[in-house]
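Notes for the one structure printed next.
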Amino acid sequence: MATIEEKSVMVVGIEDNQHSFYALEWTLDHFFTNYSPSNSPFKLVIVHAKPTPASIIGLAGPGSVEILPAIEADLKKIAAKVVEKAMEICHAKSVDDVVVEVVEGDARHVLCEAVEKLHASILVVGCHGYGVIKRTVLGSVSDYCAHHAHCSVMIVKKPKIKT
């Protein structure tokens, strides 16, 4: 049974791009930086979905099994870089009460599963701003999560720079 002191969980999905880091910064600015750690409204959990080497090799075709160890090493380096940058952003905003998880798999499924596992009340994801054709071809993590996550989903868009 939940106690009154328990905080709602906010999951922020991140990947190695400016849109994800912008969404994290925006979330920290709007939900965390005006509170002391003891009275912030949410428990913050940052989740990075690390692709599987098989999903990368699947794109390369047959005979690419020999490069599996190198791909795995690169994916681990990228995940470590993403986690490090996320923590730097949190520390710069004086948000130190944060949990970071790296989970292997497709980001759409990883984020929806994290919401379920953590009983999150909100999921925050960035938006690439793809058009209809790119979204159709590449798929959209934010669209998928908006339709499948069992919580509120906030999609943070980076403003376009006016010239």
Side-chain angles (χ1 to χ4, degrees), residues 1-52 55 75 78-163:
M1 186 164 154
T3 64
I4 294 174
E5 284 100 32
E6 287 185 13
K7 296 179 184 182
S8 295
V9 174
M10 177 183 285
V11 173
V12 178
I14 59 167
E15 55 186 345
D16 189 20
N17 66 50
Q18 64 179 341
H19 304 285
S20 288
F21 295 121
Y22 175 81
L24 175 60
E25 287 186 56
W26 188 93
T27 301
L28 295 174
D29 287 342
H30 288 83
F31 292 96
F32 291 91
T33 56
N34 293 328
Y35 297 92
S36 69
S38 61
N39 73 356
S40 65
F42 294 98
K43 175 183 178 187
L44 179 61
V45 180
I46 298 173
V47 176
H48 171 64
K50 180 175 80 71
T52 63
S55 69
L75 291 172
I78 292 167
K81 184 177 96 175
V82 169
V83 167
E84 181 180 353
K85 181 158 184 174
M87 292 306 294
E88 286 174 4
I89 292 168
C90 290
H91 292 310
K93 303 279 185 182
S94 298
V95 178
D96 297 315
D97 187 17
V98 59
V99 174
V100 180
E101 295 183 6
V102 175
V103 181
E104 191 170 80
D106 181 280
R108 295 171 286 201
H109 303 292
V110 165
L111 293 175
C112 288
E113 289 167 8
V115 163
E116 289 293 314
K117 179 183 93 173
L118 299 167
H119 306 288
S121 57
I122 189 165
L123 169 64
V124 179
V125 291
C127 178
H128 287 274
Y130 292 148
V132 174
I133 294 172
K134 277 191 178 179
R135 258 196 332 268
T136 303
V137 173
L138 298 174
S140 169
V141 172
S142 58
D143 282 350
Y144 184 90
C145 291
H147 289 95
H148 294 91
H150 296 289
C151 69
S152 295
V153 177
M154 182 167 43
I155 301 169
V156 178
K157 294 182 179 184
K158 187 172 184 181
K160 290 186 179 183
I161 298 171
K162 295 179 185 178
T163 57

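These numbers come from the heavy atoms of this one structure, side chains and all, not from hydrogens, waters or symmetry mates. Small disclaimer: the values here were computed from a predicted structure and weren't measured.
Residues Asp29 and Lys93 meet the side-chain proximity criterion, which asks for heavy atoms closer than 4.5 Å. Residues Val47 and Leu111 meet the side-chain proximity criterion, which asks for heavy atoms closer than 4.5 Å. Within the 4.5 Å cutoff, no side-chain heavy atoms of Glu15 are placed close to those of Val82. Under the 4.5 Å side-chain criterion, counting only non-hydrogen atoms from C-beta, Ser152 is not in contact with Ser121. Between His30 and Met154, every side-chain heavy-atom pair lies at or beyond the 4.5 Å cut-off.
For the residue pair Ala120 and Cys151, the shortest heavy atom distance occurs at O-CB, 3.3 Å. Scanning both residues, Ser142 and Val125, for their nearest heavy atoms gives CB-CG2, 3.7 Å. In this structure, Gly105 and Ala49 approach most closely via the heavy-atom pair O-CB, 3.7 Å. Taking all atoms of both residues into account, the shortest heavy-atom contact from Val9 to Phe42 is C-CD2, 4.3 Å. Between Cys90 and Leu44 the shortest heavy-atom distance is SG-CD2, 4.4 Å.
Applying the salt bridge (Lys or Arg N to Asp or Glu O under 4.0 Å) test to Lys85 and every residue at least two apart in sequence or in another chain returns nothing.
We find the CD-NE2 distance between Glu113 and His150 to be 11.0 Å, quoted to the nearest 0.5 Å. Between Arg108 atom CZ and Cys145 atom SG the span is 9.0 Å, to the nearest 0.5 Å. With rounding to the nearest 0.5 angstrom, the CG atom of Leu75 is 8.0 Å from the OG1 atom of Thr52. Separation of atoms CG (Leu123) and NE2 (His148) is listed at 13.5 Å; rounding is to 0.5 Å. For the atom pair OG1 of Thr27 and CD1 of Ile89, the computed distance is 10.5 Å after rounding to the nearest 0.5 Å. Note that OG1 of Thr33 and CD of Glu25 are 11.0 Å apart. Values are rounded to the nearest 0.5 Å.
Between Tyr144 and His109, the ring planes lie perpendicular to each other; the angle is over 60°, past the 30° to 60° tilted range.
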